[in-house]
Amino acid sequence: METPLSHLAHLEITAPDVEASARFYEEKFGMRIIDRVDGNVYLRCWGDYYRYSLVITEGPEASLGRMAWRTNSQAALEAAASRVEATGVQGTWTAGGHGFGKAYEFTGPYGHHMRLFYDVEKFVAEPGFESTYPDRPERRSSHAAAPRFLDHVTVAASDVRGFAQWYNEALGFRVMAFVDLDEAPITVFSVLTINEKSHDLGVVLDTSKRAGRVNHIAFWVDATEDLLRTADVMMENGTPMEYGPSIHGVGEQNFLYFRDPSGLRVELNSGGYRNYVPDWDANTWKPSEGSNNFYKNGAMPHSMTESFPPAEGFTATEEGASEEMKEALLNPYAKQGRG
């Protein structure tokens with residue numbers, strides 16, 4: 001079946017202090033506040049073609065409120081809704097919202113809120129923000145750390161292969177790679193895409209009982225030099241790097257990670273391969289092969305295993321699993337009363 005989706009259009013995140021988070025994304029990271037509506041703040045990357053890339057809404061803790069995807073056509077939107085409902089998931093049609101038209105909204109089987117739409121407001125730069133490049137939606141940002149595009153989102157789920165299978169069958173995502181533990185055939189990570197990117201959706205294994213969690217949101221810059229400059233500028237202005245810069249084996253992107261004021265993890269990428277193979281057969285990596293850090297020359301901090309909102313349990317990464325998580329996964333009898 002043809003893929004009904006085109007690309008990730010925007011993300012909604014929640015934060016206890018919307019204004020603090022908005023200032024961070026604007027002043028530290030170089031995104032631009034484009035709208036404020038009903039207490040929500042809408043920000044854009046200078047290279048994104050729609051009105052906004054990120055929405056910050058008020059919530060008691062850092063979380064992913066919703067991921068929004070544009071379909072390839074109005075007919076594809078209807079087809080996508082039918083495919084989702086054929087799996088037994090029931091959604092809701094809405095008349096649309098700020099900057100987009102008729103939408104189909106549903107919660108996936110692992111608790112993540114999804115929005116699908118086709119009609120969308122194309123961004124037209126206001127006077128003073130026009131680009132000399134006709135194909136750019138606005139001029140390049142003068143902020144040294146500014147991302148060009150929204151890139152992907154990585155969520156957490158109780159069954160990585162089950163998650164990948166559902167999104168492949170229901171919405172046509174291509175499954176690009178898996179990561180299994182070296183110690184046992186337990187899948188802890190996967191990446192999926194609906195276009196030629198190495199991924200625009202990732203998923204890590206989550207042993208918590210809280211559905212719909214997110215591990216990080218991600219943005220993209222043109223070149224590795226841009227990524228290194230972002231790390232430099234943000235550190236000089238008080239934002240430490242959580243991990244990186246380095247390069248992922250899975251996806252081949254250069255990466256760095258940091259946190260916003262709510263604690264939510266943000267990734268910045270550059271590079272990465274392009275893959276147009278319609279019948280791609282996903283490889284299964286091992287952490288020892290450099291699935292997370294292909295150089296294999298740096299230890300990932302334990303903080304990277306945190307997902308959001310907080311919950312009891314463990315979260316994996318491309319690196320595999322922490323020793324505590326391995327103990328829980330590999331030895332179910334370690335805790336008295338389990339067997």
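This chain uses plain numbering: 1 for the first residue, then up along the sequence.
In this structure, CG on Asn254 lies 7.5 Å from CG on Leu228, to the nearest 0.5 angstrom. The structure places CD of Gln74 at 12.0 Å from CG of Asn72, a figure rounded to the nearest 0.5 Å. Rounding to the nearest 0.5 angstrom, the gap separating the CD atom in Glu225 from the CG atom in Asp232 is 13.0 Å. The CD1 atom of Ile217 lies 7.5 Å from the CG atom of Leu150; values are rounded to the nearest 0.5 Å. Tyr25 OH to Leu54 CG: the interatomic distance, rounded to the nearest 0.5 Å, is 6.0 Å. Taken to the nearest 0.5 Å, the CZ atom of Phe294 stands 7.5 Å off from the CD atom of Glu252.
With Phe123 as the aromatic partner, Arg44 meets the cation-pi criteria of under 6.0 angstrom to the ring centre and within 45 degrees of the ring axis.
Between the side chain of Ser190 and the backbone N or O of Ala177 there is at least one donor-acceptor pair closer than 3.5 Å. A distance-only check finds a donor-acceptor pair linking the side chain of Thr87 to the backbone of Val84 [under 3.5 Å]. Between the side chain of Thr207 and the main chain of Phe314, a donor-acceptor pair closer than 3.5 Å is present. Using modelled atom types, one side-chain atom of Asp17 and one backbone atom of Glu19 make a donor-acceptor pair closer than 3.5 Å. Although no hydrogens or angles enter the test, the distance criterion places a donor-acceptor pair under 3.5 Å between the side chain of Tyr104 and the main chain of Gly91. Remark: the backbone N or O of Gly128 is paired with a side-chain donor or acceptor of Arg139 at under 3.5 angstrom. Put simply, the side chain of Asn215 never gets that close to the backbone of Thr317: no donor and acceptor are under 3.5 Å apart. The backbone N or O of Glu138 sits nowhere less than 3.5 Å from a side-chain atom of Arg136 that would complete a donor-acceptor pair. Counting only distance, with no hydrogens or angles, the side chain of Asn195 and the backbone of Ser6 share a donor-acceptor pair below 3.5 Å. A side-chain donor-acceptor contact under 3.5 Å links Tyr52 to the backbone of His98.
Relative ring orientation between Tyr257 and His216 is described as perpendicular, the plane-to-plane angle rising above 60° on a 0-90° scale split at 30° and 60°. By the 30° and 60° cut-offs, the orientation of the rings of His10 relative to Phe100 is tilted.
Not counting sequence neighbours, His113 has no partner by the ring pair (Phe, Tyr, Trp, His ring centres under 6.0 Å) test. Arg115 pairs by the salt bridge (charged side-chain N to carboxylate O under 4.0 Å, His left out) definition with Glu12, Glu105, not counting sequence neighbours. Here Phe219 pairs with Phe29 under the ring pair (Phe, Tyr, Trp, His ring centres under 6.0 Å) rule; sequence neighbours left out. Remark: Thr230 engages no residue in a side chain to side chain donor-acceptor pair (under 3.5 Å) (not counting sequence neighbours). Partners of Tyr243 according to the ring pair (Phe, Tyr, Trp, His ring centres under 6.0 Å) rule, which considers only residues two or more places apart in sequence or in another chain, are Phe255.
Contact check for Leu330 versus Ile186: side-chain heavy atoms found under the 4.5 Å cut-off. Residues Tyr42 and Arg51 are not in side-chain contact: their nearest non-hydrogen atoms beyond the backbone lie 4.5 Å or more apart.
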How far apart are the C-alpha atoms of Glu126 and Arg32, what are their side-chain angles, what is the distance that settles it, and do they pass the salt bridge (Lys or Arg N to Asp or Glu O under 4.0 Å) test? CA-CA 13 Å; Glu126 59 269 46; Arg32 192 155 70 93; 2.7 Å; yes
Apply side chain to side chain contact (heavy atoms under 4.5 Å, CB included) to the pair Glu61 and Phe308, showing each step before the final yes or no. CA-CA 8 Å; Glu61 50 198 352; Phe308 313 93; over 6 Å; no
After noting the C-alpha distance and the side-chain angles of Ser131 and Arg140, does the key distance pass the side chain to side chain contact (heavy atoms under 4.5 Å, CB included) rule? CA-CA 7 Å; Ser131 174; Arg140 180 182 288 271; over 6 Å; no
Evaluation steps, salt bridge (Lys or Arg N to Asp or Glu O under 4.0 Å), between Asp260 and Lys28: CA-CA 10 Å; Asp260 76 9; Lys28 296 285 187 72; over 6 Å; no
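One hydrophobic cluster, built from ILVMFWY side chains closer than 4.5 Å, holds both Phe173 and Phe106. The hydrophobic clustering, which links ILVMFWY residues whose side-chain heavy atoms are closer than 4.5 Å, places Met300 and Met241 apart.
Among residues at least two apart or in separate chains, salt bridge (Lys or Arg N to Asp or Glu O under 4.0 Å) pairs with a member in residues 307-324 are Glu323-Lys326.
Side-chain rings of Tyr50 and His7 approach one another, their centers coming within less than 6.0 Å.
For the residue pair Asp180 / Thr187, a side-chain donor-acceptor distance below 3.5 Å is found, with atom types taken as modelled. Side chains of His248 and Asn293: no donor on one and acceptor on the other come within 3.5 Å.
Within a 6.0 Å radius of CD in Glu85, other residues, nucleotides and ligands contribute more than 12 heavy atoms.
Smallest separation of non-hydrogen atoms from Leu64 and Val155: CD2-CG1, 4.0 Å.
Using a cutoff of 4.0 Å between basic side-chain nitrogens and carboxylate oxygens, Arg229 and Asp226 are scored as salt-bridged.
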